[in-house]
Structures are given as structure tokens and as C-alpha cells.
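Remember, it's a predicted structure, so these values are computed and weren't measured experimentally. Heavy atoms only: backbone and side chains are in, while hydrogens, waters and symmetry mates are out.
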Amino acid sequence: MKEQSVQEQLKELVKRRAELSDFRMQVNDNLVNGDLDEFLTVRDSNGEYPVVIALGREPLALLVERVSAEDGMANIFIKGRNGVSFITSQRYVGLNNEIEDLSNLDEWYSGESDIDLFVDYLRMQKHGVIMPDHLPNTTEFNLNLCNDSVPMNDVVSC
């Protein structure tokens, strides 16, 4: 991964968050209109249809994290370089030995490869893959508290 300044990283993060938010609104509008009902095949234990949204250029570790937050059960919409892809995630119950098992964390260097690359790989797996509930992330950062409190002006709402 190439070195970027903090400013460039922040700019990229803001851009990605805005794109993700726009895509989330697009998916939500389509869900409300019933346009995606035929895709929603995964239900959680409450009978709900959990939906996860991702961008193809995001790190795979983020997708795995979002799916794990839904207890591994999700209908996933990914806006990638080739359009919108749909994948499902369900808890593996060990009934199919033909599924590619990627769940061993020792075999993962990081989760920083992009989701588009994973989707391309998944297309080649006839029976899907088994994933771990998290992936290692080699990006490390340090947080420091600079001040005990920050004075702010009162915000007046209109």
C-alpha cells in the first residue's frame, strides 16, 4: 500500500463515506419501493432481513466486520467497479464439504485487499466460501487525548 499523507487519507475517507452514504440511500429507496424483495433471502432469528452495504474499493475487513455485526446473517449489496453485486451471508452449519474454507485466521496476512477482488474470487467458487468473523488489519494507528475538554460555542438550531 502506498504511503499517503494524513490529509490525503482523510480526504479519501470523507469521499468514501459520502459515496457509501449515497449508495445506502439508493439501496434504501429500492427496498422501500419493493424493487429488491426478490434478492432478500436471508432472515435473522427475529424474522428480519438484515442488509449490509459496502463499496467494492473498501477493505474486505470492513465487510467482514459489518456482517459480523449482523451475527453473520446478511443480505449484502456491494457497489463495485462492475456495478452492484449481491451476496448473502449465513452461519455455516457444516453440511457442504465443497465450500472453500477461508476461516483459518493464520492463513490471512491482512484484510486490506479490496472487496471487488473478493467478489471476483467469490464468483469462481461454485459453492461459496466460509469466512472468519473478523480479519486481521495491518493498518495501525495511535490515538492520543490532546486536551481534557474543548470549548465549544452553543449550537442554535433553526
Transitive ILVMFWY side-chain link Val14 to Leu20, under 4.5 Å: no
Hphob cluster co-occupancy, Met124 + Ile87, side-chain heavy atoms under 4.5 angstrom: yes
Smallest separation among heavy atoms of Ile53 and Val27, with atom names: CD1-CG1, 3.6 Å
Straight-line distance of Ser89 OG to Asn75 CG, nearest 0.5 Å: 9.5 Å
Donor-acceptor contact below 3.5 Å, side chain Asn33 vs main chain Asp35: no
Linked, directly or transitively: Phe86 and Tyr49 (ILVMFWY side chains, under 4.5 Å): yes
Whether Phe77 and Phe39 hold their rings parallel, tilted or perpendicular, with breakpoints at 30° and 60°: perpendicular
Euclidean distance, Lys79 NZ relative to Arg24 CZ, rounded to 0.5 Å: 13.0 Å
Residues, nucleotides or ligands: over 12 heavy atoms within 6.0 Å of Arg16 CZ: yes
Enumerate, atom names and distances included, each donor-acceptor pair closer than 3.5 Å involving a side-chain atom of residues 57-64, sequence neighbours excluded.
residue : atom : partner : partner atom : Å
Arg57   : NE   : Glu19   : OE1          : 3.2
Arg57   : NH1  : Glu12   : OE2          : 2.2
Arg57   : NH2  : Glu19   : OE1          : 2.7
Glu58   : OE1  : Leu55   : N            : 2.8
Glu58   : OE1  : Arg66   : NH1          : 2.9
Glu58   : OE2  : Arg66   : NH2          : 2.8

side-chain contact (heavy atoms from CB on, under 4.5 Å) between Leu40 and Val51, worked out: CA-CA 8 Å; Leu40 302 178; Val51 173; 4.1 Å; yes
Minimum heavy-atom distance Val42-Ala74, with the two atoms named: CG1-N, 3.6 Å
Least distance between heavy atoms, Ile99 atom then Gly128 atom: CG2-O, 3.5 Å
ILVMFWY network linking Val84 to Ile115, side-chain heavy atoms under 4.5 angstrom: no
Cluster overlap Leu122 with Met131, hydrophobic side-chain contacts below 4.5 Å: yes
Considering all heavy atoms, the nearest Arg43-Met73 contact: O-CE, 3.3 Å
Salt bridge flag under 4.0 Å for residues Arg81 and Asp120: yes
Gly56 versus Ile78, closest heavy-atom pair with distance: N-CG2, 3.8 Å
Approximate separation, where rounding is to 0.5 Å, of Leu10 CG and Lys15 NZ: 13.5 Å
Which atom of Tyr121 lies closest to which atom of Val129, heavy atoms considered: CE2-CG1, 3.9 Å
